[in-house]
Amino acid sequence: MSDDLILRLHNSRTRRREVFEPLDPRNVRMYVCGPTVYDRAHLGNARPVLVFDVLFRLLRHVYGADHVTYVRNFTDVDDKINARAAETGRDIRAITDETIGWYHADMDALGALRPTHEPRATEWIGAMKDMISDLIKSGHAYEAEGHVLFAVESYAEYGALSGRSIDDMIAGARVEVAPYKRNPMDFVLWKPSDEGTPGWDSLWGRGRPGWHIECSAMAYELLGESFDIHGGGNDLMFPHHENEIAQSACAHPHGAFANVWMHNEMLQVEGKKMSKSLGNFFTVRDLLDQGVSGEVIRLVMLGTHYGKPMDWTERKRAEAEATLAKWYQVLQVHGFGPDLVRALKAGGDWQADPEFIGVLANDLNTPGAIARLHVLAKGRTPQQLAGFAHALDLLGLVPDWADLVRLAGATEAPAHAPWVDEVVAGLLAKRQTARAARDFATADQVRDVLTAAGVVVTDVGGAASWAPGPDFDAFKLEALK
RNA sequence: GGCGAGUUGGCGGAGAGGUUACGCAGCGGAUUGCAAAUCCGUGUAGAUCGGUUCGAUUCCGAUACUCGCCUCCA
């Protein structure tokens with residue numbers, strides 16, 4: 001289909017934009033670090049989900065939907081979860097199950113496709129233990145006081161991804177160093193669990209895995225010792241991804257682990273880092289509950305290239321809402337829906353716009369792709385708009401073609417009393433009579449009265465329709481009853 | 001302190017060593033009895049200072065400022 005397409009991706013490992021060549025075009029493999037499941041996903045969590053969802057969609061478009069494997073994990077063993085269980089008295093599994101349910105619901109609402117596999121860490125403990133054993137055997141890890149630690153000095157490339165040297169990091173370290181570590185930068189592969197903490201039996205006693213080993217183990221099990229893309233937020237670059245690389249490279253010296261590393265920049269809110277202490281912290285669910293649709297959130301997110309900080313602002317939200325309303329209306333007016341899409345497919349008109357794909361394939365240039373959407377939206381016939389509709393669909397901005405009417409409906413009119421309908425209808429009838437008689441002075445007078453009450457009158461064709469505007473004031477109409 | 005990113009027109013936000021980004025807002029026009037919608041046109045922006053080049057906003061260097069990670073929250 002798109003054999004001549006050149007996909008370029010910025011590789012954090014080489015710090016360059018490179019032509020993407022999959023190890024196996026029949027099975028393109030991507031791993032993305034998923035959430036620790038102890039609470040609702042906040043807006044910042046949604047950025048990598050959406051960035052890599054678009055990449056997933058693009059890869060499926062280029063290589064075929066059945067030729068892409070996307071793995072995103074759930075970290076369901078973690079001290080934050082343990083703390084949440086301790087403070088609520090709830091069962092850990094109940095917390096993680098519930099949180100995964102929330103996560104799915106929220107990310108579904110954003111139009112994110114479910115990954116091919118969503119492994120839970122607790123279901124892969126055996127694979128982690130195997131990997132840790134291998135690392136001890138090969139001299140890359142050691143046991144100390146019930147812990148198993150990775151020896152960073154055993155891996156010469158340690159620090160290459162994030163551009164740090166072990167010596168520099170030790171010099172700048174602010175954390176207290178556990179006395180049993182041979183090198184201050186050594187990190188935990190396995191740690192002991194006490195009675196009240198979840199644990200699994202192992203050669204090193206009852207305990208639980210360190211944070212980093214799960215991604216290495218699950219990526220190996222599900223994608224192999226070499227795969228194509230590893231993604232995540234750039235906050236994970238150090239130490240998480242650095243440690244993943246060290247573990248995987250040492251445990252599977254013949255594999256390349258991930259060829260391409262991709263990191264999305266962080267999200268800000270009104271120009272500031274989103275944090276609890278600044279009071280600008282909110283979840284995806286908070287936004288959805290406020291009536292901000294998943295499509296709007298998605299369009300705002302894709303409006304900034306993934307490699308740059310993304311600023312969530314009220315103004316962008318409003319602009320995206322207006323843009324989407326316009327786009328959906330264009331499609332609706334031209335009869336788009338499941339039937340038309342089917343007909344376009346049957347007629348061979350359901351094709352990707354090459355320029356749109358080309359822009360997107362240039363390191364996932366979503367802002368550029370959105371610019372192309374604006375151009376494509378100027379089509380005048382269903383055939384001319386097919387590329388636009390296809391592109392919107394590819395970007396995940398059309399959850400369901402049967403829903404277009406609802407999507408195009410955009411804002412709901414504020415509720416108003418039944419008598420208002422009568423009053424306005426009466427006034428409009430009077431205006432219509434005057435217009436028919438070309439008595440425009442009277443017609444305009446009626447419009448002025450309605451405008452003063454915040455009623456927006458729109459003449460389409462021969463008929464007038466109305467809707468309560470933002471300044472709608474029923475009280476001003478009451479006098480006209 | 002260590003590592004990294006960014007600085008584009010009123011706002012948002014891209015690509016490309018030499019030709020229109022795009023959107024919103026504004027302005028001019030068409031159309032509409034008015035209004036809305038729509039359509040057409042319109043903006044010589046690229047932090048500062050140097051360098052490379054026939055030519056740089058785009059490459060290189062320095063300066064300033066902003067931001068992120070290294071620390072619970074991504």
Side-chain angles (χ1 to χ4, degrees), chain A residues 10 12 15 33-36 38-39 41-49 78-80 83 159 161-176 185 232-242 263-268 271-278 281 283 299-300 302-305 307-311 313 315-316 318-320 322-323 326-327 329-330 333 355 358-359 362-363 365-378 380 431 434-448 450-451 456-461 464-467 469:
Chain A
H10 179 85
S12 308
R15 292 155 215 254
C33 293
T36 300
Y38 69 105
D39 207 349
H42 64 240
L43 193 61
N45 297 130
R47 172 119 106 138
V49 172
D78 182 275
D79 287 345
K80 287 194 288 281
L161 177 69
S162 53
R164 300 154 196 246
S165 74
I166 293 175
D167 291 344
D168 286 347
M169 286 187 283
I170 293 170
R174 297 186 211 166
V175 285
E176 210 176 309
M185 298 317 293
N234 74 350
D235 56 317
L236 297 178
M237 195 184 266
F238 185 87
H240 184 54
H241 290 162
E242 202 73 74
H263 291 95
N264 62 280
E265 251 291 354
M266 298 291 97
L267 176 115
Q268 302 185 323
K272 289 182 180 165
K273 172 182 167 141
M274 181 167 84
S275 72
K276 285 172 180 165
S277 55
L278 288 173
F281 183 96
T283 65
L299 185 61
V300 171
L302 300 185
T304 299
H305 184 87
K308 288 193 173 180
M310 142 93 221
D311 196 13
T313 64
R315 185 170 174 154
K316 284 185 185 175
E319 211 172 286
T323 299
K326 190 172 118 184
W327 284 348
Q329 278 160 25
V330 164
V333 164
E355 190 169 329
V359 171
N362 186 14
D363 196 28
N365 181 8
T366 50
I370 290 169
R372 181 62 183 164
L373 284 179
H374 284 293
V375 176
L376 292 173
K378 295 183 199 299
R380 287 279 167 274
R431 175 167 172 273
R435 289 178 75 202
R438 301 194 69 76
D439 175 7
F440 296 122
T442 303
D444 288 349
Q445 193 192 341
V446 173
R447 176 187 279 284
D448 290 345
L450 288 168
T451 301
V456 178
V457 177
T458 309
D459 298 317
V460 178
S465 64
W466 70 279

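Reckoned from all heavy atoms, side chains included, excluding hydrogens, waters and symmetry mates. Proteins get letters first, then strands, A, B, ... in listed order; numbering begins at 1 in each.
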Between rC70(B), rC73(B), rA36(B), spot the one nearest the side chain of Arg164(A), thanks. rC70(B)

Under a 3.5 Å distance rule, please check whether Arg438(A) uses its side chain to pair with a backbone N or O of Ala436(A) as donor and acceptor. no

To the nearest Å, how far apart are Trp327(A) CH2 and rG23(B) P? 10 Å

Do Arg164(A) and Ser162(A) have side-chain N/O donor and acceptor atoms under 3.5 Å apart? yes

Leu299(A) CG - rG12(B) P separation (whole Å): 17 Å

Could you tell me how far rA47(B) sits from rC54(B) if I compare only their P atoms? Round to whole Å. 24 Å

Between atom NE2 in His10(A) and atom C1' in rG4(B), what is the gap in whole Å? 10 Å

When we call it a touch if two heavy atoms are under 4.0 Å apart, what does His305(A) touch: a base, just sugar-phosphate, or nothing? sugar-phosphate

Validation row: Leu236(A), Cys33(A) side chains within 4.5 angstrom (heavy atoms): yes

Expressed in angstrom and rounded to an integer, what is the separation of Gln329(A) atom CD from rA36(B) atom C1'? 13 Å

Watson-Crick or G-U pairs under 3.5 Å in RNA chain B, rendered as dot-bracket with [ ] for crossing pairs and | for another strand: (((((((..(((.....[...))).(((((.......)))))....(((((..]....))))))))))))....

When all nucleic acid strands are considered with a 4.0 Å heavy-atom cut-off, which category describes Gly44(A): base, sugar-phosphate, or nothing? base

Can you find a pair of side-chain heavy atoms, one from Val300(A) and one from Met310(A), that are under 4.5 Å apart? yes

Considering only atom C1', compute the distance from rG9(B) to rC24(B) and round it to an integer number of Å. 13 Å

Which heavy-atom pair separates Arg435(A) from Phe440(A) by the least distance, and what is that distance? O-CE2, 4.2 Å

Tyr38(A) vs Asp78(A) side-chain heavy atoms within contact, under 4.5 Å: no

Could you list the residues that satisfy salt bridge (charged side-chain N to carboxylate O under 4.0 Å, His left out) with Asp311(A), not counting sequence neighbours? none

Please name all residues satisfying salt bridge (charged side-chain N to carboxylate O under 4.0 Å, His left out) with Arg431(A), sequence neighbours left out, ordered by chain then number. Asp459(A)

Suppose we call a contact any N or O donor and acceptor under 3.5 Å apart; does that hold for the side chain of Asp444(A) and the base of rG33(B)? yes

Distances for protein N/O vs nucleotides 6-9 of chain B N/O pairs under 3.5 angstrom?
none

Quick one: pull up NE2 in His10(A) and CG in Asn362(A) and give me the separation to the nearest 0.5 Å. 12.5 Å

Pairwise C1' distance for rC11(B) and rG2(B), with rounding to whole Å: 36 Å

Can you check whether His305(A) reaches Glu265(A) side chain to side chain, under 4.5 Å on heavy atoms? no

Aromatic ring pairing His263(A)/His241(A), orientation class (parallel under 30°, perpendicular over 60°, tilted between): tilted

Is any side-chain heavy atom of His374(A) less than 4.5 Å from a side-chain heavy atom of Thr323(A)? yes

Per nearest nucleotide of RNA chain B, the residue lying toward the 5' end, Gln268(A) or Leu43(A), is Gln268(A)

Nucleotide nearest Arg431(A) (side chain, heavy atoms from C-beta), chosen from rG13(B), rC34(B), rA14(B): rC34(B)

Determine the interatomic distance between C1' on rA45(B) and the same-named atom on rA21(B); round to the nearest Å. 13 Å

Could you work out which one of rC73(B), rC70(B), rG12(B) sits closest to the side chain of Lys316(A)? rG12(B)

What is the distance, rounded to the nearest whole Å, between atom CG of Leu236(A) and atom P of rG4(B)? 18 Å

Rounded at 0.5 Å granularity, tell me how far CG in Asn45(A) sits from OG1 in Thr36(A). 9.0 Å

Separation of atom CZ in Phe238(A) from atom P in rG2(B), rounded to whole Å: 16 Å

Integer-rounded Å distance: rG33(B) C1' and Asp459(A) CG: 10 Å

Can you see if the side chain of Lys378(A) gets near the phosphate of rC40(B) - specifically, an N or O under 4.0 Å from OP1 or OP2? no

Provide the distance between the two P atoms, one in rA16(B) and one in rC27(B), to the nearest whole Å. 35 Å

For the pair Glu355(A) and Val375(A), evaluate side chain to side chain contact (heavy atoms under 4.5 Å, CB included) and give the outcome as yes or no after the intermediate values. CA-CA 11 Å; Glu355(A) 190 169 329; Val375(A) 176; over 6 Å; no

Of the candidates rC67(B), rC72(B), rA36(B), the side chain of Lys80(A) sits closest to rC72(B)

Within residues 365-374 of chain A, those residues having any heavy atom closer than 4.0 Å to RNA chain B are Asn365(A), Pro367(A), Ala371(A), His374(A)

Whole-angstrom distance between rU8(B) and rU48(B), as gauged at atom P: 11 Å

Every protein N/O lying under 3.5 Å from an N/O of nucleotides 16-20 of chain B:
none

How would you label the contact of Arg15(A) with the nucleic acid (heavy atoms, under 4.0 Å): base, sugar-phosphate, or nothing? sugar-phosphate

Which atom pair, heavy atoms only, marks the closest approach of Val457(A) to Ala464(A)? CG1-CB, 4.3 Å

Less than 3.5 Å between a donor and an acceptor, one on the side chain of Asp39(A) and one on the base of rC73(B), is that the case here? no

Taken to the nearest whole Å, CG/Asn234(A) to P/rA5(B) is 11 Å

What contact category does Thr304(A) fall into here, base, sugar-phosphate, or nothing, at under 4.0 angstrom with non-hydrogen atoms? sugar-phosphate

For a quick test of reading the model: is some side-chain N or O of Lys273(A) closer than 4.0 Å to OP1 or OP2 of rC73(B)? no

rG10(B) and rU52(B): how far apart are their P atoms, nearest whole angstrom? 32 Å

Taking N and O atoms by type only, does the side chain of Arg435(A) place a donor or acceptor under 3.5 Å from a partner on the base of rG33(B)? yes

Rounded P spacing from rC70(B) to rA25(B) in Å: 40 Å

Closest heavy-atom pair, Ile370(A) versus Leu302(A), reported as atoms and distance to 0.1 Å, is CD1-O, 3.5 Å

Separation of Thr283(A) OG1 from Leu43(A) CG (nearest 0.5 Å): 9.0 Å

Specify the residue among Asp78(A) and Pro239(A) whose closest nucleotide of RNA chain B lies further upstream toward the 5′ end. Pro239(A)

